[in-house]
Amino acid sequence: MLNLILFGAPGSGKGTQAETLVKHYNLYHISTGDMFRYEMNNSTELGLRAKSYMEKGELVPDQVTIDMLRSRVIANPNVDGFIFDGFPRTIPQAQALDALLKDLGQSITKLVSLAVPEEEIVTRILNRGKDSGRPDDNDESIIRKRINVYTSQTSQVFDYYKGFGKSVEIDGVGTLPEVFNRLCLVIDKEVAKNVKKK
Ligand code: AMP
């Protein structure tokens with residue numbers, strides 16, 4: 001199995017690249033942001049709870065997020081691997097993910113982080129906001145808040161997996177195919193290692 005964490009600030013291109021990667025490597029895409037938006041659009045209890053955090057650019061509490069993620073992973077036992085997009089965003093989330101995968105006899109293969117400068121991120125998200133329909137994409141102060149949350153709470157997850165020799169950063173600036181090719185260079189090495197192990 002190939003279990004990848006696609007990492008990076010909001011607007012770094014994780015969702016877009018994940019869509020192409022899942023097809024290329026036959027993986028299952030889990031985006032906690034998409035899951036929360038689905039719940040919100042259906043006005044479920046979980047969605048209403050998440051909404052109050054999302055509209056302020058804050059993180060939804062760990063336990064709520066971890067429980068939602070766990071049920072999605074468990075519901076998909078027969079996949080070739082997962083791409084986690086937007087999760088984990090805190091150290092407790094990372095520890096919970098590791099524990100969950102361990103219970104399933106699995107582990108994280110690699111965390112790949114997309115590096116994009118802050119000003120480019122703000123421009124990208126404001127552009128995306130023109131047709132994404134996401135209220136948190138239209139307000140520059142909320143975008144900056146999300147970037148601050150990323151720097152203060154989420155970026156530590158990179159170091160957490162670096163401690164296990166699993167974190168890699170690549171340049172996230174460029175065309176979609178350029179960034180995709182950089183990702184494939186990293187992932188193909190892991191695929192080759194998996195094939196050797198078998
Ligand atoms: P995203 O689409 O990944 O940028 O997520 C949009 C919003 O959903 C974030 O700003 C958070 O409010 C919430 N969210 C998504 N994933 C998580 C997570 N792993 N932990 C906490 N909050 C999350």
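We count ligands from 1, going down the list as the structure has it; atoms in each ligand are counted the same way. Atom set for the values below is all heavy atoms of this structure, side chains included, hydrogens, waters and symmetry mates excluded.
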Check: Knowing that exactly one of Asp62, Thr154, Asp98 qualifies, which makes a side-chain hydrogen bond (donor to acceptor under 3.5 Å, both in side chains) with Gln93?
Finding: Asp62
Next item on the list: Examine the side chains of Asn78 and Tyr28 and answer whether a donor and an acceptor come within less than 3.5 Å of each other.
Entry: no
Notebook entry, point to check: What's the shortest distance from atom 16 (N) of ligand 1 to any protein heavy atom, and which residue and atom give it?
Noted result: Thr32 OG1, 2.8 Å
Check: At what distance is the nearest protein heavy atom to atom 23 (C) of ligand 1, and which residue and atom is it?
Finding: Phe36 CE1, 3.8 Å
Note to self: If you measure every N or O of Pro10 against every N or O of ligand 1, does any of those distances drop under 3.5 Å?
What the structure shows: no
Would you give me the side-chain donor-acceptor pairs under 3.5 Å for residues 170-179, sequence neighbours excluded?
unit_1: Asp171; atom_1: OD1; unit_2: Val173; atom_2: N; d: 3.0
unit_1: Thr175; atom_1: OG1; unit_2: Glu178; atom_2: N; d: 3.2
unit_1: Glu178; atom_1: OE1; unit_2: Thr175; atom_2: N; d: 2.9

Next item on the list: Could you see which bit of Met35 sits under 4.0 Å from ligand 1, with heavy atoms only: side chain, backbone, both or neither?
Entry: neither
Check: So is Lys56 in contact with ligand 1, going by heavy-atom distances below 4.0 Å?
Finding: no
Notebook entry, point to check: Rounded to the nearest 0.5 Å, what separation is found between the CZ atom of Arg70 and the OG1 atom of Thr65?
Noted result: 11.5 Å
Next item on the list: Enter the distance from Ile83:CD1 to Asn3:CG here, rounded to the nearest 0.5 Å.
Entry: 10.0 Å
Notebook entry, point to check: Among side-chain atoms of Gln153 and Thr90, is any donor-acceptor pair under 3.5 angstrom?
Noted result: no
Next item on the list: With heavy atoms of Gln93 as the reference, note each atom of ligand 1 found under 4.0 Å away.
Entry: 18 (C), 19 (N), 20 (N), 21 (C)
Check: Any N or O on Asp136 sitting closer than 3.5 Å to an N or O of ligand 1?
Finding: no
Pairs of donor and acceptor atoms involving the side chains of residues 52-60, under 3.5 Å and at least two apart or interchain, shall be tabulated with distances.
unit_1: Ser52; atom_1: OG; unit_2: Arg49; atom_2: O; d: 2.9
unit_1: Glu58; atom_1: OE2; unit_2: Lys145; atom_2: NZ; d: 3.4

Next item on the list: Please could you name the atoms of ligand 1 that Arg146 approaches to less than 4.0 Å, counting only its heavy atoms?
Entry: 4 (O)
Item checked: Shortest protein contact, atom 22 (N) of ligand 1 (heavy atom only) -> Val60 N, 3.0 Å
Note to self: If only side-chain N and O atoms count, and only distance matters, is there a donor-acceptor pair under 3.5 Å linking Asp139 with Ser141?
What the structure shows: yes
Next item on the list: Within a distance under 4.0 Å of any heavy atom of Arg134, pick out the atoms of ligand 1 and give their elements.
Entry: 1 (P), 2 (O), 4 (O), 6 (C)
Next item on the list: Pull out every atom of ligand 1 sitting under 4.0 Å from any heavy atom of Thr65, numbered as shown with elements.
Entry: 18 (C), 19 (N), 20 (N), 21 (C)
Notebook entry, point to check: Considering only the protein, which heavy-atom contact is closest to atom 4 (O) of ligand 1, and what is its distance?
Noted result: Arg89 NH2, 3.3 Å
Notebook entry, point to check: Is the shortest N/O to N/O distance between Arg37 and ligand 1 below 3.5 Å?
Noted result: yes
Checklist line | Closest approach of any protein heavy atom to atom 12 (O) of ligand 1, naming residue and atom | finding: Glu58 O, 2.6 Å
Item checked: Distance, nearest 0.5 Å, that separates NZ of Lys14 from CG of Leu21 -> 13.0 Å
